[in-house]
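As structure tokens, the structure follows; a few thoughts come after it.
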Amino acid sequence: MESPAKKSRVNDAGASSSSSAGDQDRLSALPDCLLHEIMSRLKARQVVQTCVLSTRWRHLWRSVACLDVDQEEFTEVERMRMRMRDGKMAWTINKAEASCWENFEDFTDHLLTNNIAIAALDTFRLRVGNRSRGKGAARWIRYGINSGCKNLEDLQMEGCKCRFHEITSDTLKNLTMKGCVLRGRFTITTLKLKSLVIDGSGSRRYPGQLLVTAPSAAYLLLAVSVYRKVKLLSSMSTVTTLELSGFKRMVPLLSIAFPEFKNLRTLTLDNCDLSNDFQMLGNFFRASPNLEKLTLRLCKV
Amino acid sequence: MAAPESGDGNNGAARMVTLISSDNTRFEVEAAAASLSQTLQLTILDGGGGGGDGIPLPNVDSATLSKVLEYCIKHAPAAANGGAPNATAVDRAELERFDNEFVNIDQSVLYSLIMAAHNLEIEGLQSLVAKKVADMIKGKSPMEIRRTLGFPDPTPEEQAEMNAHMLEYGWAYE
């Protein structure tokens, strides 16, 4: 293993140890479920690395319920390594991001394909750095959702290029897609979904159509401008809380009436275009008899 | 602050229950605080723990129990309001400050606490301690973790096994 850097750090760390010989490794005496709970708060690579702590820890990581795969974890290591080597900051960061991708991709491929018990996962977070290629993301999600994770409840994606066109799950309750690149017609079918967040951030505009089937959804945050908004909103009309960001005027198609939001209690419009005689707002008022709270933020009137 | 649902049915005084630690120390505490424990809540709703009886907790020693109860008493008012939708930001900040301070303790106490929280089913406490332990580990190499958490040094055999393992799982160490 090439890791002279790692070894020298190890020796430094010893001196400041805060535990006495008396309570040596009482952590390992805890039951699996508690160790898993602790591990579920670490990033994926560190979770895997716990396998060398002791025999007790050897296989614990394979059955964690929560997996947090973050490219940043790899960029950081790489940055540190390069800084140690030549100390030039600006150059180092770009270079680090480029060369960490390979390690990140290799790690995630290994992890998901035959090392982790993905059927045991209930939470999966995948965060890909914006500047990188993000290609692998598609196959990891496809592999995880559509073939492996039978118990997944929480899926969070950040910066992923979604080269696939659907997410279908019987168990998913929370789905978050932040800064992800979607293409064409994208279908989300999740019968138990409670919360859906699609935040375009970088790419405000999604030049395609989003088809959602989520009959028990309670929360929707949409911060990306999609085609056929009204149709999309119709498919989410059970929500109690709705946040729309960056919406231009909505023109109901002749064939589709503005949906009725019977359960809607909290509506937030952020950075939306309310000109045209507040038509959008009027539509919401008429359609939401139980609305209790309305927040307008930076809207154009 | 008292638990209205606990059916003490009189005069406004908060209903008290007695808990008995494994080393036979008796703790008298408001039912509302003890009810943060899912396990105790059932017993208390059944009318247990009042009068001279007391609820024995054979798995929790007095030092740990007093710490657990400190947490429960602090969190009881918010919990009674069903997650406190009307809690002010100040209240929440105060609870957060308390939590941070609360887990600033010896590791051995942390482990006793998380075990007790697990046995008594106090979700908030269990998750608070888990987060604290995770924070102690975060960003550290396996060797650093061993030192921080007081794992015994590996025997030569263990070291050899570890090295072999790191070779096999090279993809996690690149």
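Sequence lines set the chain letters: A, B, ... in the order given, protein chains first and strands last, and positions in each chain run from 1.
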Closest non-hydrogen atom pair, [X] against [Y]:
X: A134(B); Y: I38(A); result: CB-O, 3.7 Å
X: V52(A); Y: M166(B); result: CG1-CG, 3.9 Å
X: S108(B); Y: R26(A); result: O-NH1, 3.3 Å
X: K138(B); Y: R41(A); result: CE-O, 3.2 Å

For this session: Test H118(B) against C33(A) for side-chain contact (heavy atoms from CB on, under 4.5 Å), laying out the working first.
Result: CA-CA 9 Å; H118(B) 177 61; C33(A) 62; 3.4 Å; yes
Exercise. Any sub-3.5 Å donor-acceptor pair from R146(B)'s side-chain atoms to L53(A)'s backbone N or O?
Worked result: yes
Problem set entry | Polar side-chain atom of Q46(A) near backbone of I137(B) as donor-acceptor pair, under 3.5 Å | yes
Point-to-point distance, once rounded to the nearest 0.5 Å, from [atom1] of [X] to [atom2] of [Y]:
X: I145(B); Y: S54(A); atom1: CD1; atom2: OG; answer: 11.0 Å
X: L110(B); Y: L30(A); atom1: CG; atom2: CG; answer: 10.0 Å
X: L149(B); Y: L27(A); atom1: CG; atom2: CG; answer: 5.5 Å

Problem set entry | Geometric class of the W57(A)/F151(B) ring pair [parallel <30°, tilted 30-60°, perpendicular >60°] | tilted
Problem set entry | Options E158(B), K132(B), M136(B), E161(B), ranked by heavy-atom pairs under 4.5 Å with chain A, top entry | E161(B)
For this session: Measure S28(A) against the heavy atoms of chain B and call it side chain, backbone, both or neither at under 4.5 Å.
Result: side chain
For this session: Measure distances from L35(A) to the heavy atoms of chain B and classify the residue's part below 4.5 Å as side chain, backbone, both or neither.
Result: neither
Tell me whether [X] at atom [atom1] has more than 12 heavy atoms from other residues, nucleotides or ligands lying less than 6.0 Å away.
X: E123(B); atom1: CD; answer: no
X: K262(A); atom1: NZ; answer: no
X: E168(B); atom1: CD; answer: yes

Exercise. Yes or no on side-chain contact (heavy atoms from CB on, under 4.5 Å) for R58(A) and H165(B), after CA distance, side-chain angles and deciding distance?
Worked result: CA-CA 9 Å; R58(A) 189 113 318 151; H165(B) 211 81; 3.5 Å; yes
